[in-house]
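Working notes for the structure below.
Residues take their numbers from the sequence shown, with the count starting at 1. As the structure is a prediction and not an experimental result, all values here were calculated from the model.
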Amino acid sequence: EVQLQASGGGLVQPGGSLTLSCATSGFIFDDYAIAWFRQAPGEEREGVSCISNRDGSTYYKGSLKGRFTISSDAAKNTVYLQTNNLKPEDTAVYYCAARLRPGTVGWFCRHPISRDDDYWGQGTLVTVSS
């Protein structure tokens, strides 16, 4: 059974940090690209950061580069998203997704469309508020 489980969200004050985790099982982790998407209330889903487990290439939404860091741990089949200096506009449900043939991680992240053979987790809520 394929599973992706996003965790690590919660309530944090502006300027705070959270580490989000995407624990996966049921597929060959090293063959897939993993994406972090987010969706804020009333907004469309957008790409945050993505990583290829084939070659290690990464992509970040331009406004987040420098604050967020994506990493992958093949031994644990887990991808992490370190979020720093969080802002209220970062409030969203953060989802992780896996795609076998992403084209490029940049394309995958810039086009957050679910395809029939993608795998998605349930998401974890990040709330940034004072």
Side-chain angles (χ1 to χ4, degrees):
E1 180 181 357
V2 172
Q3 293 186 338
L4 284 79
Q5 186 168 19
S7 62
L11 176 63
V12 63
Q13 293 184 337
S17 299
L18 289 171
T19 299
L20 308 184
S21 299
C22 178
T24 75
S25 62
F27 63 95
I28 302 174
F29 185 78
D30 291 348
D31 288 344
Y32 279 73
I34 307 295
W36 284 101
F37 299 116
R38 69 184 183 185
Q39 189 164 21
E43 303 290 336
E44 293 187 355
R45 185 169 60 215
E46 66 175 352
V48 176
S49 185
C50 301
I51 187 166
S52 169
N53 288 331
R54 286 186 178 272
D55 61 17
S57 60
T58 60
Y59 173 88
Y60 295 89
K61 176 179 169 64
S63 61
L64 302 178
K65 192 171 185 179
R67 292 200 295 120
F68 288 16
T69 303
I70 192 168
S71 62
S72 183
D73 186 342
K76 297 182 178 180
N77 289 347
T78 299
V79 170
Y80 302 94
L81 184 69
Q82 177 66 48
T83 70
N84 297 318
N85 192 23
L86 286 162
K87 303 176 180 180
E89 53 263 42
D90 295 320
T91 295
V93 177
Y94 285 70
Y95 300 92
C96 58
R99 180 173 293 177
L100 179 60
R101 283 176 267 272
T104 65
V105 294
W107 180 268
F108 187 19
C109 259
R110 291 190 298 270
H111 300 82
I113 300 171
S114 180
R115 303 194 185 280
D116 289 346
D117 57 349
D118 289 344
Y119 301 128
W120 285 78
Q122 292 300 113
T124 185
L125 176 63
V126 172
T127 302
V128 185
S129 177
S130 60

Review point. Can you list every side-chain hydrogen bond (donor to acceptor under 3.5 Å, both in side chains) pair that touches residues 18-33, not counting sequence neighbours?
Key: T19-Q82
Who are the side chain to side chain donor-acceptor pair (under 3.5 Å) partners of [X], not counting sequence neighbours?
{"X": "K61", "result": "E46"}
{"X": "E89", "result": "none"}
{"X": "S72", "result": "N53"}
{"X": "S71", "result": "none"}

**Study point:** Any pair counted as ring-ring contact (aromatic ring centres under 6.0 Å, His included), so long as it reaches residues 33-74, sequence neighbours left out
**Key:** F37-F108, F37-W120
Point to revise | Pairs meeting criterion salt bridge (Lys or Arg N to Asp or Glu O under 4.0 Å) with involvement of residues 104-118, two or more places apart | key: R99-D118
Point to revise | Partner residues of V126 under the side-chain contact (heavy atoms from CB on, under 4.5 Å) criterion, sequence neighbours left out | key: L18, L20, Y94, V128
**Study point:** By salt bridge (charged side-chain N to carboxylate O under 4.0 Å, His left out) - contacts of K65 (at least two apart)
**Key:** none
**Study point:** Other cluster members, W107 - Ile/Leu/Val/Met/Phe/Trp/Tyr, side-chain contacts below 4.5 Å
**Key:** none
Review point. Taking the hydrophobic residues Ile, Leu, Val, Met, Phe, Trp and Tyr, and joining any pair whose side-chain heavy atoms are under 4.5 Å apart, which ones share a cluster with L11?
Key: none
Run the side-chain donor-acceptor check on residues 1-8: report pairs under 3.5 Å with partners two or more places apart or on a different chain.
none

